[in-house]
Amino acid sequence: MGKPLAAKLKRPRILRLLLAQFVVVCAVTGLGAYTGGLAVAVSALLGGGVALLPNAYFAWRAFRYQGAQHTRNIIKSFYRAEAGKFGLTVVLFTLVFVIVPPSNPAFFFGAYVATLFVHWLGPWLLQRPSHT
Amino acid sequence: MEAQILGMTAIAVSLLIGLGALGTAIGFGILGGKFLEGAARQPEMIPMLQVKMFIVAGLLDAVSMIGVGIALFFTFANPFVG
């Protein structure tokens with residue numbers, strides 16, 4: 001009953017935000033490859049990946065429910081999404097530091113912070129197209 | 001000396017992760033409450049409120065996530081220990 005109605009609602013353009021984050025990861029990785037070679041590029045790629053994956057999970061989970069009849073489910077889903085994002089971030093950071101320690105922490109955290117701060121562009125990237 | 005540095009680092013890491021999680025939790029509690037309030041007042045605005053909540057949530061947890069990253073960096077690759 002709820003699903004067909006939710007499918008009728010226009011989905012927000014979350015993919016644009018994730019795509020913008022992916023572009024930033026690629027840009028910082030390219031900058032790292034240009035300035036410091038492969039090892040620095042891998043550090044930047046790992047930093048960007050650690051930011052991008054939990055954010056993609058958060059976006060997928062947060063918009064599972066839509067519509068006025070799912071208000072409580074929206075809130076529950078948001079809280080679960082945030083908890084999952086927090087846990088996933090901790091796990092990914094731990095995995096990176098244990099398995100592939102970044103050779104250049106500055107580029108690692110630089111890529112991480114740059115990818116996170118793409119959210120500042122959210123109001124612009126997620127605006128709905130006007131039909132006027 | 002090294003044991004003291006490790007001990008202080010452990011306290012710093014706990015504070016970074018714990019206070020980051022606490023701040024995010026308080027922020028999300030307020031955000032969720034305001035969303036429910038707005039949804040009850042104007043149900044037709046729910047899709048827009050949901051997108052706004054997503055944007056604010058991303059900004060809200062950015063700083064605490066950076067804190068978590070730095071805390072885990074200190075845990076696994078402490079730069080203060082030679």
Side-chain angles (χ1 to χ4, degrees), chain A residues 6 9-14 17 21 47 50-51 54-55 58-59 62-63 65-72 74-79 81-83 85-87 89-99 101-102 105 108-109 112-113 115-128, chain B residues 9 13-81:
Chain A
L9 291 169
K10 203 165 196 174
R11 290 190 72 80
R13 303 162 144 200
I14 301 301
L17 186 76
Q21 288 190 318
V50 168
N55 211 33
F58 181 72
F63 287 98
Y65 295 99
Q66 285 189 303
Q69 77 271 40
H70 292 298
T71 313
R72 294 214 173 265
I74 290 172
I75 287 292
K76 273 186 201 165
S77 199
F78 244 84
Y79 287 160
E82 178 56 24
K85 184 182 177 185
F86 201 83
T89 304
V90 170
V91 168
L92 286 176
F93 265 119
T94 307
L95 282 178
V96 166
F97 286 133
V98 170
I99 298 173
F108 178 78
F109 281 109
Y112 180 74
V113 171
T115 310
L116 274 188
F117 279 180
V118 174
H119 253 284
W120 286 101
L121 301 176
W124 176 63
L125 288 168
L126 298 178
Q127 69 184 352
R128 287 164 192 276
Chain B
T9 306
V13 165
S14 328
L15 286 174
L16 271 168
I17 295 180
L19 291 179
L22 182 70
T24 307
I26 292 171
F28 259 78
I30 294 171
L31 197 60
K34 295 288 179 192
F35 173 79
L36 284 177
E37 211 172 275
R41 280 179 202 274
Q42 287 176 295
E44 72 277 7
M45 297 292 278
I46 285 178
M48 197 201 75
L49 288 173
Q50 199 176 357
V51 173
K52 301 276 184 229
M53 189 162 74
F54 175 78
I55 294 169
V56 175
L59 302 177
L60 179 71
D61 65 3
V63 177
S64 62
M65 288 297 175
I66 294 168
V68 166
I70 291 171
L72 290 169
F73 178 64
F74 284 168
T75 306
F76 293 106
N78 195 338
F80 303 118
V81 179

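Lettering of chains follows the sequences in order, A, B, ..., and the numbering in each one begins at 1. The structure presented is a predicted model; accordingly, all values stated were derived computationally and were not measured.
- Proximity to chain B is limited to the side chain of P105(A), based on heavy atoms less than 4.5 angstrom apart.
- With a threshold of 4.5 angstrom between heavy atoms, A39(B) approaches chain A through side-chain atoms but not through N, CA, C or O.
- Within the 4.5 angstrom heavy-atom criterion, only side-chain atoms of F117(A), from C-beta onward, approach chain B.
- Separation of atoms OG1 (T115(A)) and CE (M65(B)) is listed at 14.0 Å; rounding is to 0.5 Å.
- For F54(B), the ring pair (Phe, Tyr, Trp, His ring centres under 6.0 Å) partners two or more places apart in sequence, or in a different chain, are F58(A), F63(A), H119(A).
- Taking CZ of F78(A) as the start and CZ of F28(B) as the end, the distance is 6.5 Å to the nearest 0.5 Å.
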Name every donor-acceptor pair, under 3.5 Å, that has one atom in a side chain of residues 43-52 of chain B and the other anywhere in the protein, sequence neighbours excluded.
residue : atom : partner : partner atom : Å
Q50(B)  : NE2  : A62(A)  : O            : 3.2
Q50(B)  : NE2  : Y65(A)  : O            : 2.9

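- For F73(B), the ring pair (Phe, Tyr, Trp, His ring centres under 6.0 Å) partners are F97(A), F109(A), not counting sequence neighbours.
- Put simply, CG on L72(B) and OG1 on T94(A) are 4.5 Å apart, with the number rounded to the nearest 0.5 Å.
- Interatomic distance, CD1 of I55(B) versus CH2 of W120(A), reported as 12.0 Å (0.5 Å rounding).
- For a residue to count as touching a neighbouring chain, one of its non-hydrogen atoms must lie under 4.5 Å from one of that chain's; by this rule Y112(A) touches chain B with the side chain only.
- Interface with chain A: from residues 15-27 of chain B, residues I17(B), A21(B), T24(B) qualify, criterion being any non-hydrogen pair under 4.5 Å.
- With respect to chain B, the highest number of heavy-atom pairs below 4.5 Å among I74(A), T89(A), V90(A), L116(A) belongs to I74(A).
- Looking at L17(A), the atoms closer than 4.5 Å to chain B (heavy atoms on both sides) all sit in the side chain, from C-beta outward.
- Contact tally against chain A (heavy-atom pairs below 4.5 Å) for A71(B), G69(B), A77(B), A40(B): the top residue is G69(B).
- D61(B) has its side chain out of reach of F86(A): every pair of non-hydrogen atoms, C-beta onward, lies at least 4.5 Å apart.
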